[in-house]
Amino acid sequence: MTLALHNTLTRRVEPFAPLAPPRVTLYTCGPTVWNFAHLGNFRTFLFEDLLRRYLEYSGYDVFHIMNLTDVDDRTIKAAAGAGKLLGEHTAPFVQAFFEDRDYLRIKPAHAYPRATESIAAMVRLVERLLERGVAYKGDDGSIYFAIAKFPGYGRLSRLDTRELKVGARVASDEYAKDDPRDFALWKKAEPADEQVGAAWDAPFGRGRPGWHLECSAMSLEQIAKCCGTTTLDIHAGGVDLVFPHHEDEIAQSEAATAQPFARHWLHGEFLNVRGTKMSKRFGNFLTARDLREQGVDAAAVRLLFWQTHYRKALDFTDEALTGAGAGVRRLGEFRARLLGEREKGKGEGEGKLAGLATKFETDFRAALDDDLNAPRACAALFQLVHDGNAALDVGAPGAAVALTVLDRAMEVLDVLPTAKRLDAELRRWIQDRLAARDKARKAKDFKEADRIRAELAARGVEIEDTPSGTKWRLV
RNA sequence: GGCGCCGUAGCCAAGUGGUAAGGCAGAGGUCUGCAAAACCUCUAUUCGUCGGUUCGAUUCCGACCGGCGCCUCCA
């Protein structure tokens, strides 16, 4: 089996083949740092994390680029509203984004180009498009892309067969454009832009980049730098970016380079709340930090998301999140059991567990090879937990192999419970209480034993009596 | 209006032209002083509705109902 991924260009699941294996160039549209990213945004980033990790698991050498949109309509408006300069306003949100990323265990990209630090590349791209005659200066002084000059326009979003909704595109600056569907590459500086420091000089006039231009310029600049190419292997983002954002990126990039911009386009579906997409606009959002403050284990969020295919909308509910949390703990228990066996020196060799693990790995790969079918991969995982536990119950060998295989899969899914921090004092207290309870139990003073158990539970210590003594863990 | 997606158990959710994975929750049992954890058993004769194609459809086609998205610098 080899990896196949859905390609928005063809609307089909296609075998994935990078231009220059094992190198894979991956560009994912990052956050606009005008505010905190919400969980819906992170569903996309998490889907991209799964993609990135599975490519690596499959032996590819991934170069992952994620841009930070730190200048656009919203960042300018937000900065102006806060009476700050653009950079002053966005800096804390960039910081917050990285914190949230780490909380959710998303692997850092190899490059995080920022729009405001890539202006030179954007100016060069606009100049090239002007030279090639596919861009023009509108009556308002802004530079526009002439979609009539780019025959492939609409291929990604199937716009060629669409009709625009009457009135949908009536913008105030429409008179400035040759065709209402033309989009801005470079917007002439307005007083509001100057006020927050969002304007740059360019040969074609002082202004600021359009959002679509930013991604084209940054991705082309980064892959040229890292890999000496002008074509991305994969470009990914949320479904809402298909049109116009990605359509416009293709037009700009391909008109400039005369090369395919991206070979494979992947789009993740929305995170919904009661059937409607989570959005700042609707006010139905939740941020990663909200969950962290509620003490939600990031592993539960990850498992919840993995249990729905990335191309299907997922309704976020507390009940579903709680359920995922229970699954995460069960996985943690299973791994702890395997680890215990290995440490007792009983887990070596082949045997039942090793066989189950091998079977699991085959199923796991087959599932993810099939357009990242993580729900199926999770089903295989829980099958291993179920069968593995049953095998452990009857003392089957092979735990060490199973542990290795499990940990390898966790490199992709990363859904084991977060280890709780424990200081020496708490540890001593727990030992003391357990000893006291043990004494009470031996004396058949179960009332006292249960009282101590409740005392432990009050501080988050769960206990479990086993033939080899009382085990405990923090919850 | 145009383009497109979705509708599977209490909840979440895979999947296939041949008769329904997995998770959570729930019930009973084993184990335990009691618990916990784990295991065993059970929980959709049925996949929005109605037609059609087929030996056979949840899976293909059509219509309808319901929900949603994009067409507005939204992940």
Side-chain angles (χ1 to χ4, degrees), chain A residues 11 28-32 37-48 69 72-75 157-171 181 183-184 187 210-214 236-245 248 267-272 274-281 303-304 306-309 311-317 319-330 333-334 336-337 363 367 373-383 385-386 389-394 441 444-447 449-450 453 462-467 470-473:
Chain A
R11 311 283 157 116
T28 58
C29 286
T32 300
H38 59 66
L39 256 198
N41 301 316
F42 275 107
R43 182 181 182 203
T44 298
F45 302 145
L46 248 355
F47 136 63
E48 292 158 352
T69 300
D72 81 318
D73 286 2
R74 287 182 299 170
T75 44
S157 55
R158 311 251 154 135
L159 188 69
D160 40 333
T161 58
R162 294 182 181 206
E163 269 176 36
L164 286 168
K165 180 181 177 182
V166 177
R169 276 260 167 179
V170 179
R181 292 181 302 166
F183 57 92
K187 298 185 167 188
W211 179 42
H212 315 311
L213 180 79
E214 295 181 6
V239 270
D240 48 345
L241 300 189
V242 174
F243 186 86
H245 188 54
D248 292 349
H267 292 98
E269 256 295 346
F270 288 132
L271 182 66
N272 288 165
R274 279 191 278 272
T276 302
K277 76 168 183 172
M278 183 178 284
S279 165
K280 279 271 162 59
R281 196 150 49 95
L303 183 62
L304 175 66
W306 299 164
Q307 284 181 315
T308 300
H309 188 91
R311 281 194 291 114
K312 193 174 168 189
L314 161 61
D315 213 63
F316 185 85
T317 63
E319 195 181 359
L321 182 63
T322 304
V328 161
R329 282 189 293 280
R330 186 159 162 232
E333 294 293 334
F334 178 60
R337 260 187 108 176
D363 294 344
N373 193 329
R376 226 168 81 204
C378 288
L381 177 63
F382 281 102
Q383 200 63 57
V385 172
H386 183 268
N389 268 135
L392 284 166
D393 279 355
V394 296
R441 288 180 72 214
K444 301 258 189 259
D445 184 356
F446 296 121
K447 202 173 171 191
D450 290 346
R453 178 160 61 197
E462 241 174 35
I463 61 172
E464 183 181 337
D465 296 319
T466 76
T470 300
K471 293 199 297 185
W472 60 272
R473 64 181 165 275

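Order of the sequence lines fixes the chain letters, A, B, ..., with proteins taken first and strands second; residue numbering starts at 1 for each chain. The basis for the numbers below is simple: all heavy atoms, side chains too, and nothing from hydrogens, waters or symmetry mates.
Counting distance only, with no hydrogens placed and no angle test, the side-chain atoms of R311(A) and the base atoms of C5(B) include no donor-acceptor pair under 3.5 Å.
Per the geometry, CD belonging to E462(A) stands 15 Å off C1' belonging to C34(B), to the nearest Å. Rounded to whole angstrom, the span from the CG atom of L241(A) across to the P atom of A75(B) amounts to 7 Å. For the pair L303(A) CG and C24(B) P, the interatomic distance rounds to 9 Å; values are reported in whole Å.
Using a 4.0 Å heavy-atom criterion, one finds that I463(A) contacts the bases of the nucleic acid, with or without backbone contacts as well. Using a 4.0 Å heavy-atom cutoff across all strands shown, F270(A) reaches at least one base atom of the nucleic acid. In this structure, T28(A) reaches neither bases nor backbone, as no heavy-atom distance under 4.0 Å exists between it and the strands shown. Within the 4.0 angstrom heavy-atom criterion, only backbone atoms of the sugar-phosphate kind lie near D393(A); the bases stay farther away. Nucleic acid contact for Q383(A): sugar-phosphate only, since backbone atoms but no base atoms lie under 4.0 Å from a heavy atom of the residue. Contact annotation for G40(A): base contact, defined as any heavy-atom pair under 4.0 Å involving a base atom. Among the protein residues, R74(A) comes within range of the sugar-phosphate backbone only, with heavy atoms under 4.0 Å from sugar or phosphate atoms but none that close to a base. T276(A) comes within 4.0 angstrom of the backbone, heavy atoms only, and of no base. Using a 4.0 Å heavy-atom criterion, one finds that R473(A) contacts the sugar-phosphate atoms exclusively. Among the protein residues, H309(A) comes within range of the sugar-phosphate backbone only, with heavy atoms under 4.0 Å from sugar or phosphate atoms but none that close to a base.
For A75(B), neither phosphate oxygen OP1 nor OP2 lies less than 4.0 angstrom from any side-chain nitrogen or oxygen of S279(A). When the side-chain nitrogen and oxygen atoms of H386(A) are compared with OP1 and OP2 of C40(B), one or more of them lie within a distance under 4.0 Å. Between N389(A) and C39(B), a side-chain N or O to OP1/OP2 separation shorter than 4.0 Å is present. Residue N373(A) has a polar side-chain atom (N or O) positioned under 4.0 Å from OP1 or OP2 of G15(B). The side chain of R330(A) places an N or O atom within less than 4.0 Å of a non-bridging phosphate oxygen (OP1 or OP2) of C24(B). One finds a side-chain N or O of K312(A) lying less than 4.0 angstrom from the OP1 or OP2 phosphate oxygen of A14(B).
For E333(A), counting side-chain heavy atoms from C-beta on, the closest listed nucleotide (A75(B), A37(B), C71(B)) is A37(B). Among the nucleotides A35(B), C70(B), A13(B), the one closest to any side-chain atom of D465(A) is A35(B).
Both geometric conditions, a ring-centre gap below 5.5 Å and a plane tilt below 30°, are fulfilled for F446(A) over the base of G33(B).
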